[in-house]
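To keep things clear, I will list the structure first and then write my remarks on it.
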Amino acid sequence: MNTMETKEKQSEVKNFINGKFERNGQTALNVESPVDGTIISTIPMSTYEDVDKAVIAAKEAFKDWSTTTMKERAQIFFRYRSLLEEHMDELTKLIVLENGKSYGESKAEVEKSMELCEFAVSIPQIISNEVQEVSKGVECRTERKPLGVVASVAPFNFPNMVPHWTMPNALMLGNTMVMKPSELVPLSVVRMAELLKEAGLPDGVLNIVNGGKEVVEAICDHPGIEAVSFVGSTAVAKIVYIRATSNLKRCVALGGAKNHLIVLPDAHLEMTASNVVASMSGCAGQRCMAASVMVGVDKVQHIIDKMVEEAKSIVPGENLGSVISAAAKERIEGYITAAEKAGATILVDGRGATVPGKEGGYYVGPTIIDHVTPNMSVASEEIFGPVISIIRAKDLDEAIEIENGSNYGNAAAVFTQSGGLAKQVMDRASAGMVGVNIGVPVPREPFSFGGWNE
Ligand code: NAD
């Protein structure tokens, strides 16, 4: 399928309820491609009633789905994983179209979704019930039961992968689901639903309700939903966590990030420069694991010079995708301007980037800002763009103090050739995921993913 065909096919996104796509007169919201600013689709702005319909379908489907064996459920995910592989090119192009990532980054996302399915089908091998004779002739057992209808709310930055963080595991374990994709990138999950149906997923097991805030609020409030998984910004994660748990639902809410990479003077020059720059610019910096602050300890000028060289080889529209929207471009450029006004030095300036032939697209070039201080907004707030702020520190203690001072704590990393110094950062960094000599320290299954603090 080429991009043009994809555009025609997706001219109107519908909700997916009980195995059927439907649209019921809800108001429509345009969906824009950030690649060139064209309108590629519309979505329904659904209401509580739409969520209610999805929950009724999911509750009905739960009766049979939860009593099938895990082995049977796994067969569907084996077939679905093969379909993802078969449709790799089409699914990749859909991500490029709706999110603006490069083809390679988008393909990696689908590959990760396949890996997540592989993990889900291994669940029967890794979970087991426990039985113990607790006193003479008396046995106790622990059994794992599906909760019922669960919900998943996704952000815009990984239209294919983040829905696969939750959907395969939740369904493999016998739950049924209401999924709410980001209104900015609703297309990938349409194909997810179609391919799951083709793989044999029974109607009602997965339902998709499109829209914005109102859908999420309905999910948090609906008495038929047992658990909510949210991935998005910290501000909304807090709202969702408080609202869902106040309704006595289980809730896991992953928020935003401000990841610090500590670079020591003994770090390997080429490897460090290329890792730091790739971390801050990959997916146009729109990854919750992206490097946002580099804390340069003592004499690291040679590494910064090399980073500048690396960043200058990154060209928007060629090896750097777009950011998600006009508002995102404006926000990111606003942060760069604020840092400049506050006295920081812009070593590489990505403001005002345009791509010939795609003038309507939203591009920001890679940006390196030096001599940032911890009180500047670029140092403390999530920018979510291809921007790195360099804070200079005199020694490792000061660097760790700067990292610990952040309200966020998704990831941190250290670049050094000293095992002892690396261990100090591993022990003292205030982040859920800590890497050594790696710019994007993402764990892979079966290790869990999760941040600390905000
Ligand atoms: P967002 O918080 O704006 O939106 C996420 C979801 O919440 C969307 O489906 C949206 O429709 C809904 N939403 C938005 N405002 C709402 C409101 N007031 N009430 C209820 N629901 C609302 O996030 P985004 O801009 O789509 O995604 C980027 C953010 O996600 C970044 O902060 C990034 O760090 C974060 N993120 C975190 C992780 C992680 O694992 N921690 C992973 C990916 C993205």
Side-chain angles (χ1 to χ4, degrees), residues 13 29 31 34 43-48 51 98-101 109 112 116 151-166 178-186 188-189 208-222 228-244 247 251-259 279-280 282-292 323-329 331-332 335 362 381-385 387 406-412 431-433 440-444 447-454:
V13 169
L29 181 77
V31 181
I43 60 155
M45 292 302 278
S46 307
T47 61
Y48 188 94
V51 173
E98 65 176 341
N99 176 279
K101 281 179 205 188
E109 197 178 322
K112 187 66 209 179
L116 289 157
S152 176
V153 180
F156 78 81
N157 63 329
F158 284 95
N160 193 305
M161 181 191 77
V162 169
H164 286 87
W165 275 0
T166 55
V178 177
M179 166 86 62
K180 201 301 241 177
S182 163
E183 60 273 42
L184 301 174
V185 293
S188 290
V189 291
I208 299 168
V209 183
N210 289 281
K213 182 178 171 205
E214 199 174 337
V215 174
V216 180
E217 289 174 350
I219 284 172
C220 293
D221 292 345
H222 200 294
V228 179
S229 162
F230 172 87
V231 182
S233 62
T234 297
V236 183
K238 283 183 188 173
I239 295 169
V240 169
Y241 187 81
I242 290 167
R243 194 151 174 163
N247 286 315
C251 180
V252 55
L254 302 186
K258 188 81 191 167
N259 305 315
S279 174
M280 71 94 161
C283 300
Q286 300 175 123
R287 287 187 286 195
C288 66
M289 295 297 280
S292 189
V323 297
I324 192 67
S325 61
K329 179 175 162 73
R331 185 195 67 239
I332 297 161
Y335 273 111
Y362 309 118
E381 295 171 22
E382 182 175 38
I383 301 173
F384 225 50
V387 178
S406 171
N407 287 344
Y408 293 95
N410 206 36
M433 296 166 278
V440 185
V442 174
R444 63 151 295 180
F447 295 93
S448 68
F449 185 102
W452 290 356
N453 312 325
E454 295 222 332

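Read the numbers this way: they start at 1 and go in the same order the structure lists the ligands and their atoms. Along the sequence shown, the residues carry numbers beginning at 1.
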Heavy-atom contacts under 4.0 Å between Phe384 and ligand 1: side chain, backbone, both, or neither?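 Answer for Phe384: side chain.
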Any idea which protein heavy atom is nearest [atom], and the distance to it?
| atom | answer |
| --- | --- |
| atom 8 (C) of ligand 1 | Ala154 O, 3.3 Å |
| atom 22 (C) of ligand 1 | Val236 CG1, 3.4 Å |
| atom 7 (O) of ligand 1 | Phe230 CE1, 3.3 Å |
| atom 38 (C) of ligand 1 | Cys288 SG, 3.2 Å |
| atom 2 (O) of ligand 1 | Ser233 OG, 2.6 Å |

Are Tyr408 and Glu382 linked by a side-chain donor-acceptor pair shorter than 3.5 Å?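 Looking only at side-chain atoms, Glu382 and Tyr408 do not form any donor-acceptor pair under 3.5 Å.
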Over 12 non-hydrogen atoms of neighbours within 6.0 angstrom of OH in Tyr241: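 Atom OH in Tyr241 is not crowded, with 12 or fewer foreign heavy atoms closer than 6.0 Å.
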Cation-pi check for Phe230 against Lys238: NZ or CZ below 6.0 Å from the six-membered ring centre and within 45 degrees of the axis, yes or no?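 Ring-cation test returns no.
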Carboxylate-amine/guanidinium proximity below 4.0 Å for Lys180 and Glu183: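 Here Lys180 pairs with Glu183 in a salt bridge, since their nearest N and O are under 4.0 Å apart.
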Please work out which of [options] has its closest non-hydrogen atom nearest to [atom].
| atom | options | value |
| --- | --- | --- |
| atom 18 (N) of ligand 1 | Arg243, Met161, Lys213, Lys180 | Lys213 |
| atom 37 (C) of ligand 1 | Gly255, Pro155, Ala237 | Gly255 |
| atom 21 (N) of ligand 1 | Val185, Val216, Val162 | Val216 |

Do the non-hydrogen side-chain atoms of [X] and [Y] ever get within less than 4.5 Å of each other?
| X | Y | value |
| --- | --- | --- |
| Val231 | Trp165 | yes |
| Val323 | Ile332 | yes |
| Val240 | Val228 | yes |

Residue-ligand contact Trp165/ligand 1, heavy atom below 4.0 Å: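 True for this residue.
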Under 4.0 Å to a heavy atom of Glu382 - the qualifying atoms of ligand 1, by number: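 Within the 4.0 Å cut-off of Glu382, ligand 1 contributes 31 (C), 32 (O), 33 (C), 34 (O).
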